[in-house]
Amino acid sequence: MKKDITIPEVENVFLAAIQEWSDDFMEKVWNIYLINDSDFQLDSTMVVSKAFGTLDGEMKKTSLLRHAFLEIPPVSVVKIEMVEKSVLALNNEFMVTFFIGNTLYDRKFFFIANTINEKNLEEVPILFVDGIIVR
């Protein structure tokens, strides 16, 4: 029975953390973007995020945040959320679920604790700015 279930692999869809100026906070903040670098439209996309880990010897966990996007066109970018400074020291998990046609795709992306920083920058496709990419 298990051998009959095929789980499609997510390709050319990934996340990037990009540091940008915020007029609200009057400083640079890290924003998370969903990048669709495929030739297909993503339909009914759901992103669930949380952060967890040990901070000062104590286990910490944030609330779940949920984001929904009806359609994400091919070769495009969608801003998901801002990551608060204190959460950068935790593991940040993003569960992304979407449809391409009638096929459901599902993938977890992790920004490991303390990896969202200026030392790990690389150029983000489509946006052509520096950021931290998780594939």
Side-chain angles (χ1 to χ4, degrees):
M1 195 82 139
K2 263 186 167 177
K3 64 181 174 140
D4 297 329
I5 299 172
T6 59
I7 301 171
E9 190 173 324
V10 175
E11 294 179 351
N12 299 321
V13 176
F14 52 93
L15 297 181
I18 298 171
Q19 194 172 35
E20 300 171 314
W21 178 258
S22 170
D23 288 334
D24 294 336
F25 296 102
M26 297 303 292
E27 66 180 353
K28 287 186 172 184
V29 296
W30 289 96
N31 291 308
I32 306 298
Y33 287 86
L34 175 65
I35 291 125
N36 179 11
D37 198 15
S38 73
D39 297 330
F40 304 102
Q41 176 174 292
L42 310 182
D43 294 315
S44 303
T45 304
M46 176 70 86
V47 180
V48 179
S49 65
K50 68 179 179 180
F52 60 92
T54 306
L55 202 57
D56 299 327
E58 190 176 328
M59 188 63 181
K60 299 284 184 179
K61 186 168 73 169
T62 65
S63 300
L64 291 177
L65 295 177
R66 294 173 181 86
H67 309 276
F69 306 97
L70 194 57
E71 296 176 347
I72 301 176
V75 190
S76 66
V77 176
V78 174
K79 185 177 183 178
I80 299 173
E81 67 185 43
M82 182 197 89
V83 178
E84 212 277 321
K85 265 193 289 193
S86 63
V87 180
L88 297 176
L90 301 173
N91 296 309
N92 287 272
E93 176 186 309
F94 293 82
M95 180 70 164
V96 180
T97 306
F98 57 90
F99 282 92
I100 296 178
N102 291 329
T103 306
L104 178 68
Y105 292 80
D106 189 49
R107 172 96 189 267
K108 283 185 184 178
F109 295 93
F110 290 95
F111 289 98
I112 305 301
N114 297 311
T115 57
I116 299 178
N117 61 50
E118 293 181 6
K119 296 176 194 167
N120 298 325
L121 295 175
E122 61 182 289
E123 188 175 64
V124 178
I126 300 175
L127 288 174
F128 302 108
V129 297
D130 287 339
I132 289 88
I133 299 172
V134 289
R135 296 182 199 271

* Side-chain heavy-atom pair Asn36, Val75 within 4.5 angstrom cut-off -> no
* To do: Calculate, to the nearest 0.5 Å, the distance between atoms CG and CD belonging to Asp37 and Glu11 respectively.
  => 11.5 Å
* Beyond-backbone contact of Leu15 with Ile35, side-chain heavy atoms, under 4.5 angstrom -> no
* Structure fact -> Residue set satisfying salt bridge (Lys or Arg N to Asp or Glu O under 4.0 Å) with Lys60, at least two apart, ordered chain then number -> Glu58
* Distance under 6.0 Å and angle within 45° of ring axis: Lys50 vs Phe52 -> yes
* Asked: Can you tell me how far the CZ atom of Phe111 sits from the CD1 atom of Ile133, to the nearest 0.5 Å?
  -> 9.0 Å
* Ignoring hydrogens and angles, state whether a donor on the side chain of Ser49 or Glu81 is under 3.5 Å from an acceptor on the partner side chain. => yes
* Would you sort out whether Val29 and Gln19 count as a side-chain contact (heavy atoms from CB on, under 4.5 Å), showing the intermediate values? => CA-CA 5 Å; Val29 296; Gln19 194 172 35; over 6 Å; no
* May I ask you to decide whether Arg107 forms a salt bridge with Glu9, counting only side-chain N to carboxylate O separations under 4.0 Å? => no
* Crowding at CZ, Phe14 (>12 non-hydrogen neighbours, <6.0 Å) -> yes
* Structure fact -> Lys79 meets the salt bridge (Lys or Arg N to Asp or Glu O under 4.0 Å) criterion, sequence neighbours left out, with none
* Asked: Between Ile100 and Leu42, does a side-chain contact (heavy atoms from CB on, under 4.5 Å) hold up when you go through it step by step?
  -> CA-CA 5 Å; Ile100 296 178; Leu42 310 182; 3.8 Å; yes
* Asked: How long is the span from the CG atom in Leu55 to the NZ atom in Lys61, to the nearest 0.5 Å?
  -> 15.5 Å
* To do: Taking Thr54 for its side chain and Gly57 for its backbone only, find out whether a donor-acceptor pair lies under 3.5 Å.
  => no
* Please round to the nearest 0.5 Å and tell me the distance separating atom CD1 of Ile80 and atom CG of Leu65. => 11.0 Å
* **Which atom of Thr103 lies closest to which atom of Tyr105, heavy atoms considered** => O-CD1, 3.4 Å
* Asked: Taking side chain as C-beta onward, heavy atoms only, is Val124 less than 4.5 Å from Tyr33?
  -> no
* To do: Kindly work out whether a path of hydrophobic side-chain contacts (I/L/V/M/F/W/Y, heavy atoms less than 4.5 Å apart) joins Val134 to Val129.
  => yes
* Got Phe99 and Ser44 here, is their nearest side-chain heavy-atom distance under 4.5 Å? -> yes
* Measure from the side-chain N and O atoms of Asn92 to the backbone N and O of Val87, and report whether any donor-acceptor pair falls under 3.5 Å. => yes
* **Residue pair Val13 / Val10: nearest heavy atoms and the distance that separates them** => CB-CG1, 3.8 Å
* Mark yes or no for whether Thr62, through its side chain, and Ala51, through its backbone, hold a donor-acceptor pair below 3.5 Å. => yes
* Asked: Leu127 and Ile72: same hydrophobic cluster, using ILVMFWY side-chain contacts below 4.5 Å?
  -> yes
* Using atom types as modelled and distance alone, determine if a side-chain donor or acceptor of Asn91 lies under 3.5 Å from a backbone N or O of Ala113. => yes
* Indicate the atoms forming the closest heavy-atom contact of Asp43 with Glu71, along with that distance. => OD1-CG, 3.7 Å
* To do: With rounding to the nearest 0.5 Å, note down the distance linking CD1 in Ile132 to CG in Asn120.
  => 6.0 Å
* Asked: Do the side chains of Leu104 and Phe98 get nearer than 4.5 Å, heavy atoms only?
  -> no
* Give a yes or no on whether the ring-centroid distance for Phe109 and Phe94 is below 6.0 angstrom. => no
* Structure fact -> In terms of heavy-atom contacts, Asp23 and Met26 come closest through O-SD, 3.3 Å
* Close side-chain approach of Leu34 to Val77, heavy-atom, < 4.5 Å -> no
* **Shortest non-hydrogen contact between Ile126 and Ser76, atoms and distance** => CD1-N, 3.9 Å
* **Heavy-atom pair with the smallest gap, counting every atom of Pro74 and Gln41** => CG-N, 3.9 Å
* Structure fact -> In this structure, CE of Met46 is separated from CG of Asp106 (nearest 0.5 Å) by 11.5 Å
* Output, in order, the C-alpha distance, side-chain angles, deciding distance and verdict of side-chain contact (heavy atoms from CB on, under 4.5 Å) for Glu20 and Met82. => CA-CA 10 Å; Glu20 300 171 314; Met82 182 197 89; over 6 Å; no
* Asked: Going by heavy atoms in the side chains, are Leu88 and Asn114 under 4.5 Å from each other?
  -> no
